[in-house]
Trainee: 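This structure is in C-alpha cells; I'll ask about it shortly.
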2 protein chains.
Amino acid sequence: MSTSRTMRADARKNYEALIKTARKHLSSQGVTTSLDAIAREAGVGVGTLYRHFPDRDHLIFAALNAQGEELRTAADLIRSAETGLERLERWLAQVQNYLSSYQGLPDSIAQALESGDKTPLAITCQEIIEITDGILADAQQEGTVRPGIKGQDLFETTLMTAWLISQEPERQRGLGGVGEILRHGYRS
Amino acid sequence: MSTSRTMRADARKNYEALIKTARKHLSSQGVTTSLDAIAREAGVGVGTLYRHFPDRDHLIFAALNAQGEELRTAADLIRSAETGLERLERWLAQVQNYLSSYQGLPDSIAQALESGDKTPLAITCQEIIEITDGILADAQQEGTVRPGIKGQDLFETTLMTAWLISQEPERQRGLGGVGEILRHGYRS
DNA sequence: TGAGCATACGGAGAGGGCCTCCGGTTGACA
DNA sequence: TGTCAACCGGAGGCCCTCTCCGTATGCTCA
C-alpha cells in the first residue's frame with residue numbers, strides 16, 4: 001500500500017493522518033490499542049481505516065516502517081565496528097530495539113510468522129534473518145561465534161528478549177542476566 | 001479461594017464445573033478465551049463466574065493448579081537424576097512445560113509479575129524462582145554451571161522460551177537452536 | 001471549464017466480549 | 001420448618017471489531 005502517488009489527494013491525507021495517530025497510540029498503548037479510537041482521533045471514519053489497513057497487522061507494519069526508523073538505514077552504525085562479533089552484536093541490538101518498538105509487538109510478529117508467511121510483518125522478519133545470516137557468517141569466519149549457530153536462532157533469541165523487555169518496560173536494569181547468558185551462548 | 005469445605009454445596013458444585021470447563025477452553029483457545037463462554041458452557045451465570053474468580057488471572061491460576069499437575073509433585077522425576085546439572089535441566093524442562101500449559105500464559109505471567117506481586121500467578125513465580133535457586137546452587141557447587149548465574153535469570157530464559165513455544169505450537173523441531181544457545185550459555 | 005465516473009468517505013449496525021449490579025433463590029442450621 | 005446469610009442468574013451498560021452501502025469528492029478529458 002504505502003502513500004503512492006496514484007492515490008487520490010484526500011486518500012493520501014487520511015492515510016497519513018491515520019499513520020501519525022496510530023504511531024502515537026501504538027507507542028503509548030501497545031499493539032492492542034483500539035483501532036476505533038485511532039480513527040476517531042485521526043478525524044476519519046472507521047471504514048476509512050479498515051479500507052487502508054485490512055487488519056491490525058497491516059497498520060502496525062505501516063506505522064513501524066513510516067519515517068526513517070527502519071533497520072536498513074541503521075546499518076550505518078554497524079559498519080564502524082572493527083570485529084565481526086562487534087558488528088553482529090550491534091546489529092542484534094538494533095533488531096532488538098526495533099522489535100520492542102511497541103508493547104506486544106513480538107506477539108504480533110510471532111503470530112504473523114506462524115500463520116502463513118505472506119503478511120508484511122512475516123516478510124520483514126525473513127529479511128532480518130537473511131541480513132543476520134550475512135553478518136553472522138563473518139563473525140563465524142573470524143572465529144568469535146560458534147559454528148552451528150544460525151541466523152534464525154539469533155533472531156528467535158532476539159525476539160524472545162524483545163518480548164521480555166516489552167513486558168517489563170520498567171526494569172531498566174537491562175536484563176543483565178538474560179543478555180549475558182545469551183551472549184555466552186553463541187560466542188566461541 | 002479453592003474448594004473449601006466452608007462453601008455451600010451449590011457453590012462448590014459451580015466452582016468445580018467452572019474449573020473443569022475453564023481448563024478445557026484454556027487448553028484449546030489460550031488465555032484470551034471468552035469468560036462468558038466458559039460460564040455459559042458450565043451452565044452457570046456470568047455473575048457466578050466473576051464472584052468465584054474476580055479476574056481472568058485468578059481463573060487461570062485456579063485452572064492451572066487444579067488436579068495434580070503442579071510442579072511440586074513433579075519434583076520426584078528430578079530426584080532420580082545423578083548430577084546436579086541433570087537435576088537442574090530436568091527441573092527447567094518441567095517449569096517450561098508448566099509455563100506453556102496454555103497459549104499466552106507467559107504473557108499473563110509477565111504482566112502479573114510487573115504489576116504488583118500479590119497476584120497468585122506472581123506468588124507462584126516467586127516460589128519457582130526460589131526452588132530454582134536451590135537446585136542451581138548444587139549444580140554450581142559441582143562446577144557444571146557457571147557462577148554468577150541466578151535463579152531469576154534461568155526463570156526468565158525459561159519464561160521466554162515458553163513464550164516462543166506457546167506462540168509457535170506447530171514447530172515440533174523443539175527449538176533446537178535456541179535451547180542449545182541457552183544451555184551453552186549457563187553451563188561451565 | 002464542467003460533466004461524469006471511479007475512487008474514497010463515513011458511520012450505522014450486527015456481533016461479541018467484559019464486568020457490575022441487584023432482585024430472586026436456596027442451602028444450612030437451630 | 002422457618003429464617004437468613006450465602007449464593008445465583010442474567011439483563012444491561014460499555015467498549016471493541018469489522019462490514020456494508022448510500023453519499024461525496026477528486027480527477028480526467030472533452
Side-chain angles (χ1 to χ4, degrees), chain A residues 1-22 24-26 28-63 102-104 107-108 111-112 115 119, chain B residues 1-22 24-26 28-63 102-104 107-108 111-112 115 119:
Chain A
M1 172 112 12
S2 86
T3 325
S4 103
R5 87 185 60 83
T6 66
M7 280 172 101
R8 242 170 60 173
D10 53 349
R12 168 146 65 253
K13 201 186 56 159
N14 286 334
Y15 182 94
E16 274 157 9
L18 281 168
I19 291 281
K20 185 179 168 192
T21 310
K24 176 176 152 193
H25 285 224
L26 288 169
S28 59
Q29 317 272 96
V31 296
T32 62
T33 190
S34 158
L35 301 188
D36 267 41
I38 291 175
R40 217 178 306 129
E41 187 176 319
V44 145
V46 259
T48 301
L49 186 153
Y50 284 99
R51 197 170 330 97
H52 282 301
F53 309 101
D55 61 34
R56 186 174 226 93
D57 278 7
H58 278 79
L59 179 56
I60 293 173
F61 174 77
Y102 309 130
Q103 196 208 12
D107 296 84
S108 301
Q111 268 171 303
S115 60
T119 72
Chain B
M1 174 110 13
S2 88
T3 326
S4 103
R5 87 185 64 81
T6 68
M7 279 172 101
R8 245 171 58 172
D10 53 348
R12 169 147 64 254
K13 201 186 59 162
N14 286 334
Y15 182 93
E16 274 156 11
L18 282 168
I19 291 281
K20 185 178 169 192
T21 311
K24 176 176 153 195
H25 285 224
L26 288 169
S28 60
Q29 316 271 94
V31 295
T32 61
T33 191
S34 158
L35 301 188
D36 270 41
I38 291 175
R40 214 179 307 129
E41 188 176 321
V44 144
V46 259
T48 300
L49 186 152
Y50 284 99
R51 198 170 330 99
H52 282 301
F53 309 101
D55 61 34
R56 183 175 228 97
D57 278 6
H58 279 79
L59 179 57
I60 293 174
F61 174 76
Y102 309 130
Q103 195 209 13
D107 296 83
S108 301
Q111 269 171 303
S115 61
T119 73

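Labels below follow one simple rule: chain letters A, B, ... track the order of the sequence lines, proteins then strands, and each chain is numbered from 1. Remember, predicted model here, so these are calculated numbers, not experimental data.
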Trainee: Restricting to salt bridge (charged side-chain N to carboxylate O under 4.0 Å, His left out), what partner residues turn up for K13(A), sequence neighbours left out?
Mentor: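 Once residues adjacent in sequence are excluded, K13(A) has no partner under the salt bridge (charged side-chain N to carboxylate O under 4.0 Å, His left out) criterion.
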Trainee: Closest-nucleotide mapping onto DNA chain C: is A37(B) or N14(A) further toward the 5' terminus? I mean the 5' end.
Mentor: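 Going by which nucleotide is closer to the 5' end, it is N14(A).
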Trainee: Can you list the residues that meet the side-chain contact (heavy atoms from CB on, under 4.5 Å) rule with V31(B), with sequence neighbours excluded?
Mentor: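 Partners of V31(B) by the side-chain contact (heavy atoms from CB on, under 4.5 Å) criterion, ordered by chain and then number, come out as I60(B), Y102(B), L105(B), S108(B).
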Trainee: Please report the interatomic distance CD(E16(A)) to OG1(T21(A)), rounded to the nearest 0.5 Å.
Mentor: 11.5 Å
Trainee: At under 4.0 Å between heavy atoms, which parts of nucleotides 18-30 of chain D does protein reach? Answer with one letter per nucleotide, 5' to 3': B base, S sugar-phosphate only, - none.
Mentor: BB-----BSS---
Trainee: Could you tell me which residues satisfy side-chain hydrogen bond (donor to acceptor under 3.5 Å, both in side chains) with K20(B), sequence neighbours excluded, listed by chain and number?
Mentor: none
Trainee: With E41(B), which residues qualify under side-chain hydrogen bond (donor to acceptor under 3.5 Å, both in side chains), at least two apart?
Mentor: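 side-chain hydrogen bond (donor to acceptor under 3.5 Å, both in side chains) check on E41(B) returns K24(B), H25(B).
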Trainee: Any side-chain N or O of H52(B) less than 4.0 Å from the OP1 or OP2 oxygen of dC8(D)?
Mentor: yes
Trainee: Between which nucleotides of DNA chain C, read 5' to 3', does contact with chain A run, using atoms under 4.0 Å from its heavy atoms?
Mentor: dA6(C) to dA12(C)
Trainee: Kindly write out the residues that satisfy side-chain contact (heavy atoms from CB on, under 4.5 Å) with S34(A), not counting sequence neighbours, or none if the list is empty.
Mentor: D36(A), A37(A)
Trainee: Using whole Å, what does the distance between atom P of nucleotide dA11(D) and atom CZ of R40(B) come to?
Mentor: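 Checked: the CZ to P distance equals 12 Å.
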Trainee: Could you pull out all residues at least two apart from Y50(A) that satisfy side-chain contact (heavy atoms from CB on, under 4.5 Å)?
Mentor: L35(A), V46(A)
Trainee: Check side-chain contact (heavy atoms from CB on, under 4.5 Å) between D10(A) and all other residues, then give those that pass, not counting sequence neighbours.
Mentor: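 Applying side-chain contact (heavy atoms from CB on, under 4.5 Å) to D10(A) gives R8(A).
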Trainee: Looking across every strand, which nucleic acid part, if any, lies under 4.0 Å from T33(A) by heavy atom: base, sugar-phosphate, or nothing?
Mentor: sugar-phosphate
